[in-house]
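The structure appears right after this line, and notes come after that.
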There are 2 protein chains.
Amino acid sequence: MSVPTIKFYVREGLLPPGELTSPNQASYGETHVQRLRLIRALLDVGGLSVAGIRGVIEAIDDPRRPLHTVLGEAADQVVPRYERGDGSGIAEARKRVAELIEARGWRTYEGSPAAESLATALAALEEVGHGRFAEILDAYADAAERVARVDLEYVAHQVAREELVESVVVGTVIGDAVFAALRRLAHVDASDRVFGETP
Amino acid sequence: MSVPTIKFYVREGLLPPGELTSPNQASYGETHVQRLRLIRALLDVGGLSVAGIRGVIEAIDDPRRPLHTVLGEAADQVVPRYERGDGSGIAEARKRVAELIEARGWRTYEGSPAAESLATALAALEEVGHGRFAEILDAYADAAERVARVDLEYVAHQVAREELVESVVVGTVIGDAVFAALRRLAHVDASDRVFGETP
DNA sequence: CGCTATCTGATAGCGCCACTATCTATGATG
DNA sequence: CATCATAGATAGTGGCGCTATCAGATAGCG
C-alpha cells in the first residue's frame, strides 16, 4: 500500500485525510487502516470501481440514512451492468422479473437496479439461445432467499449502527464473491461426477 | 454493434473472419451473429475481459477438450481476483477452504482457482473484521450445491457437444449475475421486513 | 545551527483496456 | 464510369486506477 495510492484515495474521497500535526505531518489512526482494508476488499474482491466505493462509503458515513437504503446503495454499486441496449427482449424479461417478484411476494419496487440487472441477464440468456434457463429460475430464487435469510441473521448480530452498515456492505459485496466461488467448486464437483473420468 | 468493433473482435480472435467472396467483400452467417451475441453477453453481463473471452472461446472451439475442463476454463476466466498479497491470513483461509472441501466431499483439487478465490474472499472478510462470516459459510455452501445440481441438470439436457459446452459457459458466467441479482432482491425484501418502515 | 531526508499537497503522466478514427486499395453498385 | 462501401492495417482515444515528479516545509541528526 504505497503512500501515493493512499493520497489518491484521500483525493477521491474514499479516505478521510489524516489529522495535520504540522503543515507537513499528518497522523493516521486505526480507523484509517480499517477504512483502507475496506477499500481494498471492495476493490479487489468485490470488483467495485473507485467511484462506486465512494458512493458506498458516503452511504456508510451518512448517519441520517435509513439502514435498509444503505444496502440498496451497496447493491447498486456492484451492478452497473445495464449496457445492453433495449432493442432486445428486455421488455419481456422485465415482465418475467415482475412476475417472479409477484409470485415470491418480495417487497421490492419494480425497476430497482437489482430487478433491472436480473432482467438484463435474462434477456441476454434469451438472446444467446438459452431461454430455457428461465425454467430453473425458481431453484435459483429459492437458494437466493435462503442465503438472504442467513445474511440478515448474521447482520442483525451487530449492534452499533456503523458496524451494522459495514456488515451489510461487506456481506453484500464480498458475499457475492464467496457464493460465486462456492458455486464454482460445486460445479466442478458435480461436473466431475457426471462427465469426469476420475472415478 | 459497429463494424470496426466487429473487426476488432476478429483481430482479437473472438470471432472467426467472414468468408471472403472477393478481396473486399466478406460474408457473415448466422453463426457469426450468434457468436457476437455470446461475446456481448460474456462482456456486458458476465464482466469477462476480452482476453478471458478468448480463452473461453478457444476452449469451446477445441473439440479435443474434455467437457468438464471447459467449465473450468470458463470459471477461471471469471475469477481473476487473487490480487491481495499473501501477507494477510490467506494461508489460514486456504486451510479453512480445504476443510470445507473435505467436509463436503467435493471432488475438487485444492489450489483450484475457485478454491483460491474463495480463500481470498474469506481472508478479506477476516481482515475487514468479519471473520464471523465463516459461521454462515455452510449455509452458503448448501445453497451453492443446490444451485450447482440444478445447473448440471439443465446443462445435461443438451445433446450436441457444442451446445453443451456453450450452455456450461453461459450458465456459469451469466448464472453468477442472475444469482447475484436474485440475492439482492431477496436482501431488499428481507431487509425491508426487518428494518424497513413500509409495513 | 545547518543539512539532509522525509512528508504534504498539487499537477501531470503512465499503462492497460475496450474500442474507434483514419488511411489505402479494391471492387460493388447505380 | 463515377461514386461509394468494404476489407485490412495502423494509429489514436477515453476512462480508470494508480504513479512519478515537483515545490515547499519541517523533523531529526550531528
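Since the model is a prediction, treat every value here as computed from it, not as a measurement. Each chain gets a letter, A, B and so on, in the order its sequence line appears, and its residues count up from 1.
- Sorted by first then second residue, the salt bridge (charged side-chain N to carboxylate O under 4.0 Å, His left out) pairs that include residues 129-142 of chain A, not counting sequence neighbours, are Arg104(A)-Asp138(A), Arg104(A)-Asp142(A), Arg132(A)-Glu135(A).
- The CD atom of Glu12(B) sits 14 Å away from the C1' atom of dT10(D) (whole-angstrom rounding).
- The separation between Leu20(A) atom CG and dA27(D) atom C1' is 15 Å, rounded to whole Å.
- Applying the side chain to side chain donor-acceptor pair (under 3.5 Å) rule to Glu12(B) yields the partners Arg54(B); only residues at least two apart in sequence or on another chain are considered.
- Ring geometry for Phe133(B) versus Tyr154(A): interplanar angle over 60°, hence perpendicular rather than tilted (30 to 60°).
- In a base pair of the Watson-Crick type (N1 to N3 plus N6-O4 or O6-N4) or a G-U wobble (N1-O2 and O6-N3), with each distance short of 3.5 Å, dT10(D) is matched with dA21(C).
- In this entry the distance linking CG of Leu15(A) with C1' of dG17(D) reads 16 Å, nearest Å.
- His32(A) meets the ring-ring contact (aromatic ring centres under 6.0 Å, His included) test with Tyr28(A); sequence neighbours excluded.
- For Ser2(A), the side chain to side chain donor-acceptor pair (under 3.5 Å) partners at least two apart in sequence or on another chain are Thr5(A).
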- Sequence-aligned protein contact record of nucleotides 17-30 of chain C, with B where the base is within under 4.0 Å of a protein heavy atom and S where only the sugar-phosphate is: -SBB-----BBS--
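- With rounding to whole Å, Ile6(B) atom CD1 is found 17 Å from dA9(D) atom P.
- Contacts of Ser167(A) classified as side chain to side chain donor-acceptor pair (under 3.5 Å), with partners at least two apart in sequence or in another chain: Gln158(A).
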